[in-house]
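Take a look at the structure below.
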There are 2 protein chains.
Amino acid sequence: MNVTGHTRRPASIRDVATAAGVSYQTVSRVINGHPSVKPSTRERVLAAIDELGFRRNATALALASGRTRAVTVLTANTTHYGYASILQGIEEAARAASYAVGIGVLESADEAAVAAEVQRAADAGGGLIVIAYDPAGVRALGAVPAELPVVGVVETPATPPDPGHPWVWADDREAAYQATRHLLALGHETVHYVAIPSSTRRTSARTTGWRQALKEAGAPEPRPVQGSWGPAGGHAAGRRLAKDPAVTAILCGNDDLALGVLRALHESGRSVPGEVSVAGFDDAPHSAYLTPSLTTVRLDFTGLGRSAFALLHGVLEESARIAPHPVSVPELVVRESSGPPPAHD
Amino acid sequence: MNVTGHTRRPASIRDVATAAGVSYQTVSRVINGHPSVKPSTRERVLAAIDELGFRRNATALALASGRTRAVTVLTANTTHYGYASILQGIEEAARAASYAVGIGVLESADEAAVAAEVQRAADAGGGLIVIAYDPAGVRALGAVPAELPVVGVVETPATPPDPGHPWVWADDREAAYQATRHLLALGHETVHYVAIPSSTRRTSARTTGWRQALKEAGAPEPRPVQGSWGPAGGHAAGRRLAKDPAVTAILCGNDDLALGVLRALHESGRSVPGEVSVAGFDDAPHSAYLTPSLTTVRLDFTGLGRSAFALLHGVLEESARIAPHPVSVPELVVRESSGPPPAHD
DNA sequence: GCGCCTTGTGTGACCGGTCACATTCATGCC
DNA sequence: GGCATGAATGTGACCGGTCACACAAGGCGC
């Protein structure tokens, strides 16, 4: 119990040492669990630590040893459900491993801005996790200097990445494949796709899965409609699709886009799922409560975040390396927004 | 340009010093903008800095000077729209001031767990921002040792807080007041309220605003229905309210609750806004795209986050103290979910 | 009884910065 | 000319830990 008034600076190992009548090095040994310390000495030191309320200074530890026990998450956004959930998952795992979690937002995808953010993150020391679902994130992941430990949370890669690239991903492609097959199985001639902005120039994993399902079913492949991330983009895309009476099934790159599409269909007087079926992606918490409730594919973002941290943890400390890429399995959730196409054709 | 291979450890001020032919202290002076350095010397040092790609080591800076330039945000959740937006606002302002942002999630409101999280945050050094909208946050804010610089993001306090308590808030009470008056002005006899969990034992600010509007209008005051944070809670509350034919207007503690209420009304066959009007709180991005689109009160969470950081920044560095509590003004957004009560009565 | 290994502990340097103070030299003033 | 003043720079200690090494005491083999 420390009853002295005054804001005194926190106790250091030397304070503890004098209080326990040992050298500071012995204190260091005790707090690091070094074996060769006499039990009676250890007791005395522990008592002194308790008495003075000693806590090891993280800054000094980092400076002296290089071990930082910190991770910085680089992301373009913190408010989108998927991003926020990944962050939450990372924090959860990091907390369990008593790592500190820092966050840097990539406000612009501009080359220089991204580089500056990466630098800032590097300055923080410790490892990096980059959420690379969008151009800013992808660019950031590419801009990380090779000597920095980094894990990327990415879209399903087209080909297995080099072992030198520690990446995690949810199986986007499989998820899109499942959702598309679900819609086709209901009897729709084809499925239109409202895409999220692709993270790279190349086609996104979600698009690939959708395309694959269409191809297997011999369904015609309409041009994907480019959306944005939020419901506004879905709304705009939905307006265009609503005009075409041939459109009876729409897969959306995420639940927010789907929401916008639903709204646009409603405004155009086209009923869901009577005339048009809609499926989303992610299973955001509100999707189950929409009217009509949204058919979607659930991705375990929190788990993905945990995996990302686990992978980074493995890179930073040689203990407990995990399996190469722990991919979580997407789960189709069928709700009200999907059904058979209108009877007549 | 550093073309040497090998992962060499980053250049320190002494490396720069020898490269420039000066002492390390002179380098320190240059990077800190100390006035009395001969221009020619400064030039040489800057050139060396550039050449070696020197970056000041944040850890060493923190250890030696005590200045940490970091802020840790303590929050119960990162995925809810309001929380995530506040975080985004804090990060934005912190980035502008080149502060690092850390995050700690209060997974449980349990006394010991909260205390541990606060300790962890304290270990990170720098300032603290606690989002205290819920029991876990409130408890955390209370558990912060007095000597730590901390800013609370709180509900509108009932009475002006002591100057010793640097807090920021959006005007919840005014927002609830506005929304309630809007519904009453449409002709509803009274307005029912589905509450978010109160952060404290005492009545929440939102409840107070609602109550005040009812009282001023001489409307009867129904018992508030206790909800949770997510749509599920709203759904449960909505089910109960839907059974009572006297209920024609419902104000919800946030947009997620409102979503659940809308869904429950729909399931009970009560039309919105024909039979029942619903208003939310926060103006989450999806609220405008619901069917019916949601009448709500927009709160500037991002701005609130920026204010929180600005206040903390003022506490940490004596430069540029800001006005006591910069309260952002809520804005009523009227959409489809509110309208006059059913004609007959 | 000597050397040697193991156990328990202490000493000094170091991580990369900052701070307080000392030093040098040019200048201005009386 | 002597001396205070200020500009420009350097030196040593320090922040709070860790690391490499030294060293004393005790047990064991021969």
Side-chain angles (χ1 to χ4, degrees), chain A residues 7-46 48-49 52-70 98 100 122-126 316-317, chain B residues 7-46 48-49 52-70 98 100 122-126 316-317:
Chain A
T7 300
R8 55 212 302 94
R9 78 163 159 53
S12 75
I13 52 167
R14 325 220 178 210
D15 299 329
V16 173
T18 43
V22 296
S23 79
Y24 54 83
Q25 178 63 349
T26 301
V27 176
S28 175
R29 289 200 181 91
V30 169
I31 60 186
N32 288 301
H34 189 96
S36 65
V37 175
K38 205 202 297 183
S40 64
T41 312
R42 185 193 315 279
E43 280 315 310
R44 254 186 310 142
V45 171
L46 288 175
I49 284 176
L52 299 176
F54 167 82
R55 304 212 95 213
R56 182 221 245 106
N57 180 321
T59 305
L61 171 63
L63 180 59
S65 69
R67 297 176 234 133
T68 308
R69 297 188 82 72
S98 47
D123 287 348
L316 291 175
E317 306 179 18
Chain B
T7 299
R8 53 209 307 93
R9 78 163 160 52
S12 75
I13 51 167
R14 325 220 177 208
D15 299 330
V16 173
T18 43
V22 296
S23 80
Y24 54 82
Q25 177 61 349
T26 300
V27 176
S28 174
R29 290 200 181 90
V30 169
I31 60 187
N32 287 301
H34 189 97
S36 63
V37 176
K38 207 203 294 182
S40 65
T41 312
R42 185 192 315 280
E43 280 315 311
R44 255 185 310 140
V45 171
L46 288 175
I49 284 177
L52 299 176
F54 167 83
R55 301 214 96 213
R56 181 221 246 105
N57 181 320
T59 304
L61 171 63
L63 180 60
S65 68
R67 296 177 234 132
T68 308
R69 297 187 83 71
S98 46
D123 287 350
L316 291 174
E317 306 179 18

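Computed from a predicted structure; not experimentally measured. Protein chains get the first letters and strands the later ones, always in sequence-line order, with residue 1 at the start of each.
- A donor-acceptor contact under 3.5 angstrom links the side-chain atoms of B:Arg29 to the base of D:dG10.
- Remark: the backbone N or O of A:Gly66 is paired with a side-chain donor or acceptor of A:Thr68 at under 3.5 angstrom.
- Within the structure, every side-chain polar atom (N or O) of A:Arg9 is placed at least 4.0 Å from both OP1 and OP2 of D:dC15.
- A:Ala17 and A:Ser23 get closest at one heavy-atom pair: CB-C, 3.6 Å.
- The shortest distance between the side-chain N/O atoms of B:Ser65 and the OP1/OP2 oxygens of C:dT18 is not below 4.0 Å.
- Nucleotide D:dG17 holds its P atom 5 Å from the CG atom of A:Asn57, rounded to whole Å.
- The CD1-P distance, from B:Ile49 to C:dG16, rounds to 16 Å in whole Å.
- A donor-acceptor pair under 3.5 Å is absent between the side-chain atoms of A:Ser28 and the main chain of A:Tyr24, judged by distance alone.
- In the region residues 36-45 of chain A, proximity to DNA chain C at under 4.0 angstrom, judged on heavy atoms, holds for A:Ser36, A:Val37, A:Lys38, A:Thr41.
- Atom CG of B:Leu61 and atom P of D:dG16 are 15 Å apart (whole Å).
- When the C1' atom of C:dG10 is taken as reference, atom CD1 of A:Ile13 falls 13 Å away, rounded to whole Å.
- Closest heavy-atom contact between A:Asp15 and A:Pro10: OD2-O, 4.1 Å.
- Rounded to an integer number of Å, the gap from CG of B:Leu52 to P of C:dG16 is 14 Å.
- The rotation axes computed at either terminus of the helix from C:dG1-D:dC30 to C:dC30-D:dG1 lie 50° apart, taking five pairs at each end and rounding to 10 degrees.
- For the pair A:Ser28 and B:Pro35, both in contact range of DNA chain D, the more 5′-proximal nearest nucleotide belongs to B:Pro35.
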Stepwise, does the side-chain contact (heavy atoms from CB on, under 4.5 Å) test hold for B:Val30 with B:Arg44? CA-CA 10 Å; B:Val30 169; B:Arg44 255 185 310 140; over 6 Å; no

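- Residues B:Asn57 and B:Thr59 approach most closely at OD1-N, 2.7 Å, considering heavy atoms.
- Distances shorter than 4.0 Å separate none of the side-chain N or O atoms of A:Ser12 from OP1 or OP2 on D:dG16.
- Exactly one of A:Val27, A:Asn32, A:Ile49 qualifies for a side-chain contact (heavy atoms from CB on, under 4.5 Å) with A:Arg56. That residue is A:Asn32.
- At a cut-off of 3.5 angstrom, the base of D:dG17 holds no donor-acceptor pair with the side chain of A:Arg67.
- Residue side chain A:Arg14 reaches the base of D:dG17 through a donor-acceptor N/O pair under 3.5 Å, judged by distance alone.
- Atom CD of A:Gln25 is separated from atom P of C:dC14 by 16 Å (rounded to the nearest Å).
- The shortest non-hydrogen separation linking B:Val45 to B:Val16 is O-CG1, 4.1 Å.
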Between A:Arg42 and A:His34, is the side-chain contact (heavy atoms from CB on, under 4.5 Å) condition met? List the steps. CA-CA 10 Å; A:Arg42 185 193 315 279; A:His34 189 96; over 6 Å; no

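- Using a 4.0 Å heavy-atom distance criterion, B:Leu63 is classed as a base contact.
- One interatomic measurement links the two molecules: CD1 of B:Ile31 to P of C:dG16, which rounds to 13 Å at whole-angstrom precision.
- A 4.5 Å side-chain heavy-atom check between A:Arg69 and A:Ser98 finds at least one atom pair inside the cut-off.
- Straight-line distance from the NE2 atom of B:His34 to the P atom of C:dG17: 19 Å, rounded to whole Å.
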